[in-house]
S.K.: 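Input: one structure, supplied below.
Chain A is the first sequence line, chain B the second, and so forth, proteins listed ahead of strands; every chain is numbered from 1.
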Amino acid sequence: MAKIETPRPIRGTQDIFGAEAEAFAHVVETFERVRKLYRFRRVEMPVFEKTEVFSRSIGETTDVVSKEMYSFEDRGGESLTLRPEFTAGIARAYLTDGWQQYAPLKVATHGPLFRYERPQKGRYRQFHQIDAEIIGAAEPQADVELLVMADQLLKELGIGANDPGAVTLNLNTLGDSDSREAWRSALVAYFRDVKASLSEDSQERLEKNPLRILDSKDERDKVFVADAPQIDQFLSGEAQDFFGAVTSGLDAAGVAWSRNPALVRGLDYYRHTAFEFITDRLGAQGTVLGGGRYDGLMESLGGAATPAVGWAAGIERLAMLVGEWPIEAALAILPESETLEERALAVAAELRHAGIPCWTAFRQNPKKRNAKARADGALAALYVKAPDAQGREFSVSSVSGTDAESKLIRRVMDILGGRVGGRFPE
RNA sequence: GCGAUUGUAGCUCAGUUGGUUAGAGCGCCGGUUUGUGGUACCGGAGGUCGGGGGUUCGAGACCCCUCAAUCGCCCCA
């Protein structure tokens, strides 16, 4: 007799429904369309991998690996991990599946990722990303193409269309590994001198991840960040040329960008180009799409040195920027009595086969169906009646009075023709 | 891991300095009316006031603990 307690959802998971789910789907559909324009090949990747795929590539000491992974032992005692990102798994597949033969290889995918973090606005433990990677191309043109694609995607989603400040592309270079190391040492030396004045977090970062001090939100740090050594002083000629080719390529393609010398990457494998499309519309979670070049990653997985570059974007965050997205409008099929139930079924099937989205109900009560159809956003209504002497058995009724409705009604009239009688617009 | 805020009906929320039987709108169910079409009206179901403990003659209101959600820090998309 004990009452059964309904299990609660897992913290940080989401049940996405209604206009939000439509917006989510719209983001994915737009991504699919755009990636085909750029001829990125679709790949499907496993949701879990051996733990070492991530620990080796992302870096043992990073927070992502040390405390944010969903890891578990399978029945054979092997340590497996739900993917916290796409890149490492794709890199693994490139090495284990012989994808080298396709290099330079452009791939795209999307799906759920998992990170054991505190949920907040636009951040979840199971979250979803779209992802694009170019593997086996050392050329700056690869970086450019990826960024041009990202820019087009955001534009096609209408993000920033009426609101130019909504997203901006922040761009930086981390240099090659020598440049990056020299810069890092200089930063450590610089910040060590003022260590006592830094925030507690940044004193910690000085040891673990000094680059991250640069984007600290703490005022105590910001005063020193302003005068901190910049990567430009440490860039090799080659690294400078590379970055120059990326920026001039973006200019040529008409992609607006702004240099952000404080932009760094949290993960160990990044080199050269680093970028983020940043918005100020999502509270503290400003990064909508981010990525960079990861020339060092393949070696950390035991493969031959292979240059690569890629980005990923949070679908939830993009969906929030897109706003509510309506479900496709439909024609409500409304039988006028219970005896016409099956005729309604038949005409709905006929119209759907012809590509007309139809709204139907399961319950009787024909009186309330009309109101329900309208509440569900039906564009127009088709009443199913007993056929008259001329064989007319339907009447069409205006609901929304919109252009979309007239278009829909015209298509319906083309299909049903003389079977429609009674009153209808025009 | 840390901090702030918030938990009252399926949803959005009222609920006065603690005081009878905890309310509204929407939704849901039933009915009457209307009858070429977003009706109106009537009725009904639905609440361990997140959970536990305490203070009090009396707690949805006050105190403690706990759980959860939201937002922020760390980190990161």
S.K.: Looking at A:Q129, A:R42, A:H128, which hits side-chain hydrogen bond (donor to acceptor under 3.5 Å, both in side chains) with A:H110?
M.R.: A:R42

S.K.: Would a distance-only check, ignoring hydrogens and angles, find a side-chain to backbone donor-acceptor pair under 3.5 Å from A:R35 to A:F40?
M.R.: yes

S.K.: Rounded to the nearest angstrom, tell me the gap between atom CZ in A:R8 and atom P in B:G7.
M.R.: 17 Å

S.K.: Please give the distance between the C1' atoms of B:G60 and B:U17 as a whole number of Å.
M.R.: 16 Å

S.K.: In a table with atom names and distances, give each donor-acceptor pair under 3.5 Å that connects a side chain of residues 113-122 of chain A to protein atoms at least two apart or in another chain.
M.R.:
unit_1 : atom_1 : unit_2 : atom_2 : d
A:R115 : NH1    : A:P84  : O      : 2.4
A:E117 : OE1    : A:R123 : NH2    : 3.4
A:E117 : OE2    : A:R123 : NH2    : 2.4
A:Q120 : OE1    : A:Q285 : NE2    : 2.8

S.K.: Identify every side-chain donor-acceptor pair in residues 13-26 of chain A under 3.5 Å, counting partners at least two apart or on other chains, and give the distances.
M.R.:
unit_1 : atom_1 : unit_2 : atom_2 : d
A:T13  : OG1    : A:I10  : O      : 2.6
A:Q14  : NE2    : A:E316 : OE2    : 2.7

S.K.: Mind listing the residues from residues 21-36 of chain A sitting with a heavy atom below 4.0 Å of RNA chain B? Number order is fine.
M.R.: none

S.K.: With Watson-Crick and G-U wobble geometry limited to distances under 3.5 Å, how should the secondary structure of RNA chain B be encoded in dot-bracket form, using | for bases paired to another strand and [ ] for crossing pairs?
M.R.: (((((((..((((.....[...)))).(((((.......))))).....(((((..]....))))))))))))....

S.K.: Between A:Y190 (side chain) and A:F224 (backbone), is there a donor-acceptor pair under 3.5 Å?
M.R.: yes

S.K.: Please report the distance, rounded to the nearest Å, between CG in A:N370 and P in B:U34.
M.R.: 18 Å

S.K.: Using the C1' atom in both, what is the distance from B:C28 to B:A9, to the nearest Å?
M.R.: 12 Å

S.K.: Rounding to an integer number of angstrom, what distance separates B:G30 and B:C13 when you compare their C1' atoms?
M.R.: 27 Å

S.K.: Taking the P atom of each, how far is B:G18 from B:G27, in whole Å?
M.R.: 37 Å

S.K.: Restricting to side-chain hydrogen bond (donor to acceptor under 3.5 Å, both in side chains), what partner residues turn up for A:E68, sequence neighbours left out?
M.R.: none

S.K.: Identify, with sequence neighbours excluded, every residue that meets ring-ring contact (aromatic ring centres under 6.0 Å, His included) alongside A:F242.
M.R.: A:H272

S.K.: Extract from the structure each pairing of a protein N or O with an N or O of nucleotides 42-46 of chain B at less than 3.5 Å, listing the distance.
M.R.:
none

S.K.: Check salt bridge (charged side-chain N to carboxylate O under 4.0 Å, His left out) between A:D176 and all other residues, then give those that pass, not counting sequence neighbours.
M.R.: none

S.K.: All N/O contacts under 3.5 Å from nucleotides 69-73 of chain B to the protein, with atom names and distances to one decimal?
M.R.:
unit_1 : atom_1 : unit_2 : atom_2 : d
B:A69  : OP2    : A:R11  : NH1    : 2.8
B:C71  : OP2    : A:K121 : N      : 3.2
B:G72  : OP1    : A:A284 : N      : 2.8
B:G72  : OP2    : A:K121 : N      : 3.2
B:C73  : OP1    : A:K217 : NZ     : 2.8

S.K.: Determine yes or no for a side-chain-to-main-chain donor-acceptor pair under 3.5 angstrom, with A:R369 supplying the side chain and A:E336 the backbone.
M.R.: no

S.K.: Report the C-alpha separation of A:R212 and A:D201 in whole Å, then their side-chain angles, then the decisive distance to 0.1 Å, and conclude whether the salt bridge (Lys or Arg N to Asp or Glu O under 4.0 Å) test is met.
M.R.: CA-CA 10 Å; A:R212 275 282 160 190; A:D201 283 333; over 6 Å; no

S.K.: Would the number of heavy atoms belonging to other residues, nucleotides or ligands and lying under 6.0 Å from CZ of A:R41 be above 12?
M.R.: no

S.K.: Hey, can you pull the residues of residues 204-216 of chain A with a non-hydrogen atom under 4.0 angstrom from RNA chain B?
M.R.: A:R205, A:R212

S.K.: Rounded off to whole Å, could you give me the OH-to-C1' distance for the A:Y270 and B:A77 pair?
M.R.: 10 Å

S.K.: Between atom CD in A:E276 and atom P in B:A77, what is the gap in whole Å?
M.R.: 7 Å

S.K.: Checking A:T109 side chain against A:V43 main chain: does a donor-acceptor pair fall under 3.5 Å?
M.R.: yes

S.K.: Got a sec: does the CD of A:Q390 have more than 12 other heavy atoms crowding it under 6.0 Å?
M.R.: yes

S.K.: Donor-acceptor pair, A:N260 side chain versus A:A262 backbone, under 3.5 Å?
M.R.: yes

S.K.: Say we look at B:A22 and B:A59: how far apart would their C1' atoms be, to the nearest angstrom?
M.R.: 13 Å

S.K.: Send over the distance from A:Y294 OH to B:A77 P, rounded to a whole Å.
M.R.: 13 Å

S.K.: Taking only the C1' atom of each, what is the distance from B:G31 to B:G47 in whole angstrom?
M.R.: 26 Å

S.K.: Taking the minimum atom-to-atom distance to the side chain of A:T287, which one of B:G37, B:A77, B:C75 wins?
M.R.: B:A77

S.K.: In residues 125-134 of chain A, which residues come under 4.0 Å of RNA chain B by heavy atom?
M.R.: A:F127, A:Q129

S.K.: Using the P atom in both, what is the distance from B:A14 to B:G7, to the nearest Å?
M.R.: 8 Å

S.K.: Return the minimal non-hydrogen interatomic distance between A:R205 and A:S216, and the atom names on each side.
M.R.: NH2-OG, 3.5 Å

S.K.: Atom CZ of A:R115 to atom C1' of B:C74: distance rounded to whole Å?
M.R.: 14 Å

S.K.: Is it true that a side-chain atom of A:T279 and a backbone atom of A:R281 form a donor plus acceptor pair closer than 3.5 Å?
M.R.: yes

S.K.: Let me spell it out: for each of A:Y383 and A:V64, pick the nucleotide of RNA chain B with the closest heavy atom. Which residue's pick is nearer the 5' end?
M.R.: A:Y383

S.K.: Under 3.5 Å, is there any donor-acceptor pair linking the side chain of A:E336 to the base of B:G37?
M.R.: yes

S.K.: Identify the two heavy atoms, one from A:G291 and one from A:R265, that lie closest to each other, and give their separation to 0.1 Å.
M.R.: N-NH1, 3.4 Å

S.K.: Restricting to side-chain hydrogen bond (donor to acceptor under 3.5 Å, both in side chains), what partner residues turn up for A:E204, sequence neighbours left out?
M.R.: none

S.K.: Using the P atom on both, measure B:U8 against B:U55 and round to a whole Å.
M.R.: 27 Å

S.K.: Rounded off to whole Å, could you give me the NZ-to-P distance for the A:K372 and B:U39 pair?
M.R.: 13 Å

S.K.: Is the ring pair A:F48/A:F72 parallel, tilted or perpendicular, if the boundaries are 30 and 60 degrees?
M.R.: parallel

S.K.: What is the distance, rounded to the nearest whole Å, between atom OH of A:Y116 and atom P of B:C76?
M.R.: 18 Å

S.K.: Can you list the steps and then say if A:D403 with A:K407 is a salt bridge (Lys or Arg N to Asp or Glu O under 4.0 Å)?
M.R.: CA-CA 6 Å; A:D403 287 352; A:K407 262 175 73 180; over 6 Å; no

